[in-house]
Amino acid sequence: MEQKLFVYNTLFRKKELFEPLSPPHVGIYVCGPTVYSDVHLGNCRTFISFDLIFRYLTHLGYKVRYVRNVTDAGHLEGDGGDEGEDKIEKKAKLAQVEPMEIVQKYTIDFHDTMKVFNVLPPSIEPTATGHIIEQIELVQKILAAGFAYEINGSVYFDVEKYSKNHDYGILNRRNLEDMINNTRDLGGQDEKLGKLDFALWIKAKPEHLMKWPSPWSLGFPGWHLECSAMSNKYLGKQFDIHGGGIDLMPTHHTNEIAQSMASCEKIPAKYWIHTNMLTVNGQKMSKSLGNSFLPQQLFTGDHSLLNKGYTPMTVRFFMLQAHYRSTLDFSNEAMEASEKGFKRLLNAISILEGLQASADGEIDISPLQKRCYDAMNDDFNSPVLIAELFEAARIINSVKDGKLKIDAENLTLLRKLMKEFVEDVLGLKNEQLANNDLPKVMDMIVNLRNEAKSNKDYATSDKIRIGLQQIGFQLMDGKEGTSWNKI
RNA sequence: GGUCGGAUGGCCGAGUGGCUAGGCAGAGGUCUGCAAAACCUCCUACAGCGGUUCGAAUCCGCUUCCGACCUCCA
């Protein structure tokens, strides 16, 4: 099916028809995590959002190369601008371990977390430390083009010079004067010539552990450099989509564009997609504010802001119920609402498996299918898609209740629709069905109870039902027999 | 302080000029040994004040409140 997909491009602040540079191939680069601590739920939202985008593009038949980096070096602590200390190294000194030990620990944690959320792995996951040579080469190109200068073994990007014939604020829509005037004076001894200049290569202090030889000094790359070097290497000078959290847009992505323009006169990506923040009580979730929780805390409910735990798929569903460009506010009430809604959807899907077709159907699924595609084609509008899926759930339940008839053709289409959109596109799965022998055991208990019921021995049947309820299982008697659900 | 964005029913959250999503909660009903589920019906909101328009949650202006970025940040 041909689909016209529209995506919101931050570069032009509007939705645009998605036309890949060289179809059917699509290249996406997403800025990944800095692996110096556990990823919190806000970080997860971004990667779940891009997972949705990756999944949908793949579903549409594109051959997607999805590159998501891991920053394992060169990322500085904030309090001194480029004078700060490497985040990873700071942590390493604290724990008296090798920097790469920290990197390893939190990379594994990140991968585990992504897997729990059913986030598909990217096609390539390059690391900064694995691409030092490429980064040095890029610095050389920018120097050769005259947009950088070296001071005491460090190399800085010359924003003022670049701005003479380039629009530095093309992405963040701010003019140079504003940026210069409103840059906070951070007070540290700064060898940069211009306030907006940023480091491409930083000379390491003697005590610095992570450092590499370069033409300028024994040092390490500036943070913005890795994404330019690695996206160029794996996706080319120009590729289709560059993404990341919206907080990366004003500085990190602005500088990436400057680096690419300075070295090869090309804006690296055609479409810039930015995902919005997860908030708690209206404020951005972040480590520094202390309002972040780790996925594990969310699953167990072990956090002062949480009333109870929620499963990973419930959390994923909760996030997909909001559009990726909107802020999403976390609350227990909202989570509980999502938990119940998600359960309703899953319940309908399991009913769908056993549904019988009629010769004379009264419903046509194809308009519903079209609305599902329309929703996703409108800038990956998953909340609207989910609303349509609830319409599907209503149809499924009505057919089961015998209030609506569906023919074989439409039933097949409905099953295809639910499978493709719920599993493939939204990446939601039924966690309950995953592992065990529980269904067999439950079948036996249900049969025992039904025997009691047919003997009108309600004392026994209620004892079973209420007993199961107390340990977390709800029985439901219907026309087609008894079903059960975990509460 | 500067720049940008937001304010939707009890809660969450879609929606860029008329057709006024969806989920949760609440009310009533149907079904049912009971319970649960499901289905049907109801609850119809767009921060405030002006303006444009035949018509505005949606466009414009002002006001109030909130947030993000400007510094590492998904």
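Keep in mind that this is a model prediction, so the values were computed, not measured. Residue numbers begin at 1 in each chain, while the letters A, B, ... track the order of the sequences.
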Worksheet item: When the distance from CG of A:Leu389 to C1' of B:A21 is rounded to whole Å, what number comes out?
Response: 13 Å
Worksheet item: Has A:Arg13 got a side-chain N or O lying under 4.0 Å from the OP1 or OP2 atom of B:C4?
Response: no
Practice prompt. Look at all strands and tell whether A:His252 reaches a base, only sugar-phosphate, or nothing, counting heavy atoms closer than 4.0 Å.
Written response: nothing
Discussion item. Quiz question: going by heavy-atom distance under 3.5 Å, is there a donor-acceptor pair between the base of B:C39 and the side chain of A:Arg394?
Written reply: no
Item to complete: Name the closest nucleotide to the A:Ala387 side chain, picking from B:C70, B:A21, B:G67.
Response: B:A21
Worksheet item: Hey, can you pull the residues of residues 303-314 of chain A with a non-hydrogen atom under 4.0 angstrom from RNA chain B?
Response: none
Worksheet entry | Base partner of B:C4, which must satisfy Watson-Crick or wobble distances under 3.5 Å | B:G67
Worksheet item: Should A:Arg173 be listed as having a side-chain N or O under 4.0 Å from OP1 or OP2 of B:C70?
Response: no
Worksheet item: Is the base of B:C69 touched by the side chain of A:Asn172 through a donor-acceptor pair closer than 3.5 angstrom?
Response: no
Worksheet entry | Pairwise 5' ranking along RNA chain B for A:Glu391 and A:Asn397, keeping only the more 5' one | A:Glu391
Practice prompt. Scan A:Ser398 against the nucleic acid and name what it touches under 4.0 Å (heavy atoms): base, sugar-phosphate only, or nothing.
Written response: sugar-phosphate
Discussion item. For a quick test of reading the model: is some side-chain N or O of A:Asn43 closer than 4.0 Å to OP1 or OP2 of B:A74?
Written reply: yes
Worksheet entry | Proximity to RNA chain B (any heavy atom under 4.0 Å), residues of residues 109-119 of chain A only | none
Practice prompt. Looking at every strand, decide which applies to A:Met335 at a 4.0 Å heavy-atom threshold: base, sugar-phosphate, or nothing.
Written response: nothing
Item to complete: Output all residues satisfying ring pair (Phe, Tyr, Trp, His ring centres under 6.0 Å) with A:Phe299, sequence neighbours left out; order by chain, then residue number.
Response: A:Phe117
Fill in: Atom-pair distance (CG on A:Asn255; C1' on B:C69), nearest Å
14 Å
Item to complete: Determine, for nucleotides 8-15 of chain B in 5'-to-3' order, which nucleotides have protein heavy atoms under 4.0 Å from the base (write B), from only the sugar-phosphate (write S), or from neither (write -).
Response: ---SSSSS
Worksheet item: Taking only residues two or more places apart in sequence or in another chain, which ones pass salt bridge (charged side-chain N to carboxylate O under 4.0 Å, His left out) with A:Asp247?
Response: A:Lys284
Worksheet item: Taking atom OG1 of A:Thr275 and atom CG of A:Leu52, what is their separation to the nearest 0.5 Å?
Response: 11.5 Å
Fill in: A:Phe47-B:A74 aromatic stacking (under 5.5 Å, under 30°)
no
Discussion item. Please list all pairs meeting side chain to side chain donor-acceptor pair (under 3.5 Å) that have one or both residues in residues 381-390 of chain A, counting only residues at least two apart or in different chains.
Written reply: A:Arg371-A:Glu388
Worksheet item: Would you say B:C70 has OP1 or OP2 under 4.0 Å from some side-chain N or O of A:Arg174?
Response: no
Item to complete: Show the numbers, then the answer: is there a side-chain contact (heavy atoms from CB on, under 4.5 Å) between A:Leu294 and A:Leu41?
Response: CA-CA 6 Å; A:Leu294 304 179; A:Leu41 203 62; over 6 Å; no
Worksheet entry | Among B:A38, B:C34, B:C24, the one nearest A:Arg449 by side-chain distance | B:C34
Discussion item. Is there a side-chain contact between A:Lys14 and the phosphate of B:U16, meaning an N or O under 4.0 Å from OP1 or OP2?
Written reply: no
Practice prompt. Tell me whether the guanidinium CZ or amine NZ of A:Arg68 lies under 6.0 angstrom from the six-membered ring centre of A:Phe47 and within 45° of its axis.
Written response: yes
Practice prompt. Compute both the distance and the angle, then confirm whether A:Arg325 meets the cation-pi test with A:Tyr8: under 6.0 Å from the six-membered ring centre, within 45 degrees of the axis.
Written response: yes
Fill in: d(CD1, A:Ile395; P, B:C40) in whole Å
10 Å
Fill in: Distance-minimising heavy-atom pair for A:Ile257 and A:Ile170
CG2-CG2, 4.2 Å
Discussion item. Any base atoms under 4.0 Å from A:Tyr458, or only sugar-phosphate, or nothing? Heavy atoms, all strands.
Written reply: base
Worksheet item: Which word best sums up how the rings of A:Phe473 and A:Trp484 line up, parallel for under 30°, tilted for 30 to 60°, or perpendicular for over 60°?
Response: perpendicular
Practice prompt. Specify the separation, in whole Å, of atom CG of A:Asn69 and atom P of B:A74.
Written response: 11 Å
Worksheet item: How many Å lie between CD1 on A:Ile396 and C1' on B:C39, as a whole number?
Response: 14 Å
Worksheet item: Do the ring planes of A:Phe330 and A:Phe318 sit parallel (below 30°), tilted (30 to 60°) or perpendicular (above 60°)?
Response: perpendicular
Item to complete: Would you mind telling me which residue lines up with the more 5' stretch of RNA chain B, A:Lys403 or A:Leu278, judged by nearest nucleotide?
Response: A:Lys403
